[in-house]
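In what follows, a single structure is set out as structure tokens and then discussed.
Letters A, B, ... mirror the listed sequences (proteins, then strands); counts begin at 1. Keep in mind the model is a prediction, meaning the values are calculated, not measured.
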Number of protein chains: 2
Amino acid sequence: MLSKKTKYGLKALTYLARHEESAPIQIQEIATAENISRKFLESILLTLKKNGFLGSKKGKGGGYYMIRPASEIPMTAVMRILEGPIAMVPCVSLNYYETCDDCPDEATCSVHHLMIQVRDSALEVYRNHTLADIIRITVPE
Amino acid sequence: MLSKKTKYGLKALTYLARHEESAPIQIQEIATAENISRKFLESILLTLKKNGFLGSKKGKGGGYYMIRPASEIPMTAVMRILEGPIAMVPCVSLNYYETCDDCPDEATCSVHHLMIQVRDSALEVYRNHTLADIIRITVPE
DNA sequence: TATTTATCCTATAGGTTAACTAGGAAATGC
DNA sequence: GCATTTCCTAGTTAACCTATAGGATAAATA
């Protein structure tokens, strides 16, 4: 299940990307527009900033803004920061690999092999989309 | 992330399917073979039984056994019972659909559309596999 | 019929995480 | 200097996951 954090983060990113040219946008505005708790959104935007997806400005007229075009933000990167590993099991994770303590041998583990395929199928979706793509979907023509 | 319940359930199913012909197999045997807490596995096997994946026999010589060939058990069904919805968001779930309370309109929600694609890609993997397939993977030749 | 074996069932404890909140520090603009 | 807005740390609450306890039920055997 997708965490609220991820969901809110994605919504905030799309909101900001739609206003890419304009002045910084305040947390409160995004929170109101997208029905998100202000304080919670605050922490999410902060981690997005720390991970290089957003810029920010303090004080009056401050807020958050895109730091690079949405078309250059791959969904794989966003998902990994917000949601964590794309794989459903640590032992098939590309970026967060861990061995299973209960499993004697990955090579003969049926779960392992199945989950590799699930991971790859999800990866293909994310790799084929940038933030710009998922905005485009919502604004047909 | 895949729950232990699902992981253990899958391992137990593959174990049982590999001994399809033989007499009922006791919880303890599976627990030992697959490194699973006996009591925990007990509850998992019970739900698998209640959902028509396994049969059981009480008393001496009792245990669990496959009720139909592994080749007739689609992974979609197993995953839904053990792990729950395949979709990452309730609003794109085929079998466990729920509206999002924070989202005014699914049709214009970018998260919604992305998650439909992720769901479909996972579904394709699960639909193309039965329990028999994931056993086959582990026993090369 | 008594005993042993093994599943069935309910309840619950303990730990972890998710979702959200509080309050103030730091920076910016006027 | 004052209002504004992000930055940072910490804490709260509730749900869920993992695992366990203990007895009820049913079957086999002697």
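Judged by distance alone, the side chains of A:Thr32 and A:Gln28 do bring a donor and an acceptor atom under 3.5 Å apart.
Considering only side-chain atoms of B:Tyr8, the nucleotide from D:dT6, C:dT7, D:dA19 that sits closest is D:dA19. Considering only the side chain of A:Ile27, D:dT6 comes nearest among C:dT7, D:dT20, D:dT6. Considering only the side chain of A:Lys58, D:dT6 comes nearest among D:dC8, D:dG22, D:dT6.
Straight-line distance from the CE atom of B:Met1 to the P atom of C:dT17: 12 Å, rounded to whole Å. What separates CG of B:Leu48 from C1' of C:dC8 is a distance of 15 Å, to the nearest Å. Remark: C1' of C:dA19 and NZ of A:Lys5 are 11 Å apart, rounded to the nearest angstrom. What separates CZ of B:Arg38 from C1' of C:dT5 is a distance of 11 Å, to the nearest Å. A straight line from CD of A:Gln26 to P of C:dA27 spans 20 Å, rounded to a whole angstrom. The CG-P distance, from A:Leu41 to C:dC20, rounds to 11 Å in whole Å. Taking atom NZ of A:Lys4 as the reference point, atom P of C:dC20 lies 6 Å away to the nearest angstrom. In this entry the distance linking NZ of B:Lys49 with P of C:dC9 reads 7 Å, nearest Å.
Contact of the A:Leu82 side chain with the A:Ile44 side chain is registered, since non-hydrogen atoms from C-beta on lie closer than 4.5 Å.
Within the nucleic acid shown, A:Lys39 comes within 4.0 Å of at least one base atom, counting heavy atoms only. Across all strands shown, B:Gln28 has no heavy atoms under 4.0 Å from either base or sugar-phosphate atoms. Note on A:Lys50: only backbone sugar-phosphate atoms sit closer than 4.0 angstrom, heavy atoms only; bases stay farther off.
Between the side chain of A:Arg119 and the backbone N or O of A:Val92, at least one donor-acceptor pair lies under 3.5 Å.
A donor-acceptor contact under 3.5 Å is formed by the side chain of A:Glu42 with the base of D:dC8.
Projected onto DNA chain C by closest heavy-atom contact, A:Gly59 and A:Ser37 fall at different nucleotides, the more 5' of which corresponds to A:Ser37. Between A:Gly61 and B:Lys60, it is B:Lys60 whose nearest contact on DNA chain C lies nearer the 5' terminus.
Counting heavy-atom neighbours within 6.0 Å of B:Glu20 CD, excluding the residue itself, gives a total above 12.
A close approach under 4.0 Å does occur between a side-chain nitrogen or oxygen of B:Ser56 and OP1 or OP2 of C:dC8.
In this structure, CE on A:Met1 lies 10.5 Å from CD on A:Glu83, to the nearest 0.5 angstrom.
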